[in-house]
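One structure is given here, and the rest of the page talks about it.
In each ligand, atom 1 is the first atom listed, and ligand 1 is the first ligand listed. No hydrogens, no waters, no symmetry mates; every other heavy atom, side chains included, goes into these values.
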Amino acid sequence: MKKTRISAPGKLILFGEHAVLYNRPSLVAAMNQRLFFEAEKISENRIIIEAPEMKVSDFSRCLKDLNKEQKKEVKFILTAIKNFFKKYKVETGLKIKTQSQFSAKYGLGSSSAVTVCTIKALAELFEIKIMEKEIFNLAYQTVLDVQGIGSGFDIAAALYGGVIYFLTGGKIIKPLKVKNIPLIVGYTGIKTNTSEIVKKVKGEMQKNFEYYDKLYDGIAQIVEKAKTEIESVNWLEVGKLMNENQEILRRFKAPSLKYGVSSKIIEKLIGACLRSGAYGAKLSGAGVGDCIIALGNNKKKIEWAIKKAGGIPLLVEIDYQGLKIENL
Ligand code: PMV
């Protein structure tokens, strides 16, 4: 029966995490490690999923049970399917297979990549013409259904690729004119629970609104400057702005967050990068664990420093290709 294969890139947030949840801009980038997604219509009324990177094999769910609580590992796929069926008034059984070039534990956006792939694959299978912004809206709705909160920056990166100026909920999605950024990425070895950190920060913000509002305004100003400096290929300045953004993230207050949304291992990796000549370095994402990013021209030296400090350098670059239909 009809079959399709789609792929989407992973992502990194360069500037503006957390603040982007509260109507502030951010800068995000797609990475050249992709998630591949194959879907085939089947005659049975069920969804069958194989997702080895999520350790899911032979998963099967009846179409009539799509509204029930779903297993964590397949939640994004099933919720995206449910939302698509509802919006376009269609339905079919499906056999799905995913294959990822990056581990889901790195926080490089496997959930957003799989969500946009699911929606595009269904549009292909049902021969429905779907605009990119419609994919964004449906995918963003899916993320909100699953996580309750999220800015949608990861969806934009998976969908459009490249480097993007992004405002909360996709109110602005603007590609930056930049060929490449000398980025170095290091994994801390710790998986971040984004929703948990976001909720903690939100709780604190409700107690101390003005304090956080000022931090977010500070981040927003850095984002605006960074946009200009990136487009001017002024890496020294961009590095300085990364350090300034990191300094604000250290000032986040919440119980059990000793270093703001930074952490001991993040600080260790950042310190190692700066000592080896990086122009700047900061956490990327919700913080505490996942990845750090650094900027510098001596990539090899900085990667080695990350390794020595206990992190894992990830050999990634910016991917200018977003969501894509692949050959079968
Ligand atoms: O942890 P990540 O890579 O999913 O990034 C989270 C970034 C936040 O701003 C904290 C949340 C969001 O959805 O923008």
Side-chain angles (χ1 to χ4, degrees), residues 8-31 33 35 72 75-76 100 102-116 136 139-159 164-173 183 185-205 212 215-220 222-223 226 245-246 248-254 257 259-263 265-266 282-293 314 316:
K11 57 79 189 161
L12 279 172
I13 188 157
L14 305 179
F15 288 92
E17 46 274 273
H18 288 286
V20 66
L21 286 165
Y22 302 100
N23 216 26
R24 307 307 201 282
S26 63
L27 294 172
V28 304
M31 307 312 300
Q33 300 210 0
L35 181 124
K72 187 168 108 247
K75 236 177 179 174
F76 284 93
S100 181
F102 56 96
S103 161
K105 71 180 184 195
Y106 292 155
L108 284 182
S110 49
S111 313
S112 37
V114 87
T115 304
V116 295
F136 177 87
Y140 185 43
Q141 182 57 51
T142 302
V143 168
L144 294 181
D145 290 349
V146 175
Q147 290 180 175
I149 191 162
S151 63
F153 81 91
D154 40 4
I155 296 286
L159 184 57
I164 299 167
Y165 175 88
F166 178 88
L167 181 63
T168 324
K171 276 174 261 175
I172 302 176
I173 300 178
L183 265 189
V185 182
Y187 178 56
T188 56
I190 295 167
K191 174 93 191 91
T192 292
N193 183 336
T194 296
S195 309
E196 200 180 282
I197 298 173
V198 164
K199 274 185 209 143
K200 260 189 201 166
V201 172
K202 195 176 176 189
E204 282 308 297
M205 192 184 156
Y212 274 93
L215 295 186
Y216 296 151
D217 280 344
I219 292 177
I222 292 174
V223 170
N245 193 159
Q246 176 65 17
I248 298 184
L249 292 165
R250 287 185 188 116
R251 281 192 244 139
F252 278 49
K253 287 184 210 154
L257 296 178
Y259 303 80
V261 285
S262 186
S263 65
I265 180 71
I266 288 177
K282 63 181 277 296
L283 63 85
S284 173
V288 182
D290 281 353
C291 289
I292 63 119
I293 51 175
L314 302 183
V316 292

Ring centre gap for Y22 and Y216 strictly below 6.0 Å:
yes

In ligand 1, which numbered atoms sit nearer than 4.0 Å to a non-hydrogen atom of E17?
9 (O)

Taking only heavy atoms of G150, which atoms of ligand 1 are found under 4.0 Å from at least one of them?
13 (O)

Could you walk me through whether I13 and F166 satisfy the side chain to side chain contact (heavy atoms under 4.5 Å, CB included) test, starting with their C-alpha distance in whole Å, then the side-chain angles of each, then the deciding distance to 0.1 Å, before giving a yes or no?
CA-CA 10 Å; I13 188 157; F166 178 88; over 6 Å; no

Under a heavy-atom criterion of less than 4.0 Å, does V198 contact ligand 1?
yes

Atoms in ligand 1 flagged as close to G107, the criterion being non-hydrogen separation under 4.0 Å
3 (O)

Are the side chains of L108 and Y187 in contact, using a 4.5 Å heavy-atom criterion?
no

Report yes or no: does I13 have a heavy atom closer than 4.0 Å to ligand 1?
no

Min heavy-atom dist Q147 to ligand 1 below 4.0 Å:
no

Any chance the side chains of S284 and E17 put a donor and an acceptor closer than 3.5 Å?
no

What atoms in ligand 1 come closer than 4.0 Å to a heavy atom of V20?
9 (O), 14 (O)

Contact check: S284 vs ligand 1, nitrogen or oxygen atoms, below 3.5 angstrom
no

Tell me the protein heavy atom at minimum distance from atom 13 (O) of ligand 1, and give that distance in Å.
S151 N, 2.9 Å

For the 3.5 Å polar cut-off, considering only N or O atoms, please tell me whether F153 and ligand 1 meet it.
no

